[in-house]
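Start at 1 with the first residue, then count along the sequence. Just follow the structure's listing: the first ligand is 1, and inside any ligand the first atom is 1.
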Amino acid sequence: MAEKKRKRAQTEAALKDRGNLFDIAIQQVNVAADAVNLDKDVRAILSQPKNEVIVNFPVRMDNKKWKIFKGYRVQHNNLLGPYKGGMRYHHEANLDEMKALAAWMTYKSALHDIPFGGGKGGVKFDPRQHSVSELEKITRRFTHSLGSNIGPEWDIPAPDVGTNSQTMVWMMDTYMNMVGQTVKNSVKHVVTGKSVTSGGSYGRQEATGTGLVHCISHWAEEKGFNLDGCTFIVQGFGNVGSFTARLLSKMGAVLVGTGDAGGYIGNPEGVNPYKLGEHVAATGTVAGYRGAKEISREDFFGLEADIFIPAALELEIGEAEAEALTCKLVAEGANGPTYPAAEKIMEKKGIDVIPDILANSGGVIVSYFEWLQNKRSERWDAERVAERLAKLMKETYNNTNTFMQRNGVNRRTACYGIGLKRLQTSYEERGIFP
Ligand code: NAD
């Protein structure tokens with residue numbers, strides 16, 4: 001009982017303070033750095049971001065009052081290509097979180113061998129409390145404040161929590177108008193995740209969910225596990241969670257529970273993710289959906305299900321949640337959802353983990369395709385995007401298997417190990433300037 005209480009207190013404290021996220025990211029990377037005997041100088045370089053930009057900027061609200069906002073852009077590493085990573089709008093956004101998320105982007109790109117580095121940014125505010133016109137003004141003023149700290153060959157933002165294709169289109173349009181008439185059409189690739197009509201790629205909106213489902217399918221094939229008729233739960237029903245749920249349900253898997261910032265719901269008979277999507281579009285939350293029962297966060301983690309997809313925020317799986325989980329697989333849609341101590345518990349319970357930098361990489365992969373299309377003034381059809389995404393996900397998934405077998409490590413360490421080796425080789429070849 002006392003132990004249960006301690007774990008609950010730990011989870012509650014963790015949920016309140018996600019400030020140590022960067023330390024956790026470093027811990028995860030260090031395990032892999034040891035496994036690949038990473039050079040100590042390379043380790044030192046990667047243990048801090050290259051640049052940390054903070055901007056404070058005023059915006060005139062609908063009521064004509066001025067309000068000051070704090071924005072971030074952390075650029076972790078650009079050895080393998082321009083900084084790349086999402087922009088998050090969230091009231092708890094902070095520098096440590098951005099540093100961790102930026103570092104994970106470096107390893108994600110390096111893992112897949114796509115020519116990007118890692119960055120992350122955003123603005124500390126709750127977008128749900130603002131009108132569309134205020135969101136547009138905040139986005140445009142933020143982009144202007146960042147100025148040349150972003151750029152199509154320098155640092156390329158994308159959507160993340162609280163932002164979407166509309167946010168990216170406002171960012172692109174603002175940036176295009178900052179660089180001058182004659183070159184504006186050559187800088188569309190300053191952001192990815194745009195709507196298709198404004199220069200985005202087919203398949204980008206659903207890319208992260210698609211990549212996640214590819215990983216789950218490869219895992220199922222490997223284990224001889226039948227996805228048709230299996231059950232799953234999803235935490236977070238935004239871009240990543242909702243697309244993953246729809247795609248899995250198309251394969252016959254049954255959604256038995258989900259939750260978001262508004263509450264949690266469950267139904268052992270199954271929840272229709274399409275109808276739930278309509279409810280979320282209308283109300284902003286899964287709470288109140290008629291086709292399921294309201295449950296607590298604690299009940300959600302204890303639901304009987306074969307697969308769990310965290311697709312909300314980081315550090316949602318503490319020790320108590322890991323103990324409660326009944327699943328065979330955790331496929332991390334969210335970035336950094338799992339505490340290292342929780343992962344140890346899951347390992348002991350025989351729960352497999354497909355880690356974030358592999359599982360949720362479909363987004364950055366299709367962002368890369370979008371960037372290439374913009375640079376070449378091309379438009380790829382949906383089939384070409386889908387095929388290339390599937391091919392790269394499969395190759396990387398298989399590479400992680402090989403690395404795991406050769407080095408006797410888990411999949412998370414294998415993912416970091418592959419990325420770290422690529423970065424180390426490049427540092428060895430290039431040296432440091434001067
Ligand atoms: P989103 O804003 O579309 O959705 C976020 C979801 O999380 C919403 O349903 C929200 O209600 C829920 N949520 C927020 N706070 C919560 C809380 N305290 N408890 C429970 N649920 C909560 O964001 P998204 O783009 O789907 O991103 C989700 C995760 O996936 C994030 O970790 C993000 O970094 C990661 N990710 C996103 C992409 C992408 O392409 N969008 C790519 C890779 C990784």
Nearest option to atom 18 (N) of ligand 1, as decided by whichever heavy atom of E97, E316, E206 sits closest: E316
Check: T396/N399 side-chain N/O donor and acceptor closer than 3.5 Å: no
Between R73 and E52, does at least one N-O distance fall below 4.0 Å, as a salt bridge requires? no
Are any of the side-chain nitrogens in D356 or R412 under 4.0 Å away from the carboxylate oxygens of its partner? yes
Specify side chain, backbone, both or neither for M105, according to which of its non-hydrogen atoms lie closer than 4.0 Å to ligand 1. neither
Any donor-acceptor pair under 3.5 Å linking the side-chain atoms of Q205 with those of S165? no
With backbone taken as N, CA, C and O and side chain as the heavy atoms from C-beta onward, which portion of F300 lies under 4.0 Å from ligand 1: side chain, backbone, both, or neither? neither
Polar atom proximity, G241 to ligand 1 (N or O, under 3.5 Å): no
A261, any N or O under 3.5 Å of ligand 1 N or O: yes
Using only heavy-atom distances, determine whether the side chains of T192 and S367 contain a donor-acceptor pair under 3.5 Å. yes
Among the heavy atoms of H90, does any lie under 4.0 Å from an atom of ligand 1? no
Best match, G193, S367, G333: closest heavy atom to atom 30 (O) of ligand 1: G333
In ligand 1, the atoms that come under 4.0 Å of a heavy atom of F237 are 9 (O)
Taking heavy atoms and a distance under 4.0 Å, where does E314 meet ligand 1: side chain, backbone, both or neither? neither
Hey, is ligand 1 close enough to D160 that some N/O pair sits below 3.5 Å? yes
Test of ring centre spacing under 6.0 Å for F57 and F142: yes
Say whether G236, considering both its backbone and side-chain N or O atoms, lies within less than 3.5 Å of an N or O atom on ligand 1. no
Is the gap between the ring centers of Y83 and F116 under 6.0 Å? no
Side chain or backbone, does K120 bring an N or O within less than 3.5 Å of an N or O on ligand 1? no
Do you see a donor-acceptor pair shorter than 3.5 Å between the side chains of Y416 and W104? yes
Would you say K108 and ligand 1 have an N/O pair spaced under 3.5 Å apart? no
Charged N to carboxylate O below 4.0 Å: is that the case for E370 and R379? no
Output yes when the distance from some N or O of ligand 1 to some N or O of A312 is under 3.5 Å, and no in every other case. yes
Quick one: does L313 get an N or O within less than 3.5 Å of an N or O on ligand 1? no
What orientation do Y89 and F125 show, parallel under 30°, tilted 30 to 60°, or perpendicular over 60°? tilted
Heavy-atom contacts with R88 under 4.0 Å: which atoms of ligand 1 show up? List them by number with element. 31 (C), 32 (O), 33 (C), 34 (O)
Do K84 and D155 sit within salt-bridge range, that is, some charged N less than 4.0 Å from a carboxylate O? no
Heavy atom of E92 under 4.0 Å from ligand 1? no
Under 4.0 Å from ligand 1, counting heavy atoms only, is it the side chain of V161, its backbone, both or neither? both
Answer yes or no: does an N/O atom from Q235 fall short of 3.5 Å to an N/O atom of ligand 1? no
For ligand 1, is any non-hydrogen atom under 4.0 Å from A311's backbone (N, CA, C, O), its side chain (CB onward), both, or neither? backbone
May I ask you to check if ligand 1 and N360 share an N or O to N or O distance below 3.5 Å? no
Residues K391 and E387 bridged, charged N to O under 4.0 Å: no
So, are R297 and E321 salt-bridged, with charged N and O less than 4.0 Å apart? yes
Show the atoms of ligand 1 that are less than 4.0 angstrom away from any heavy atom in Y264. 19 (N), 20 (C)
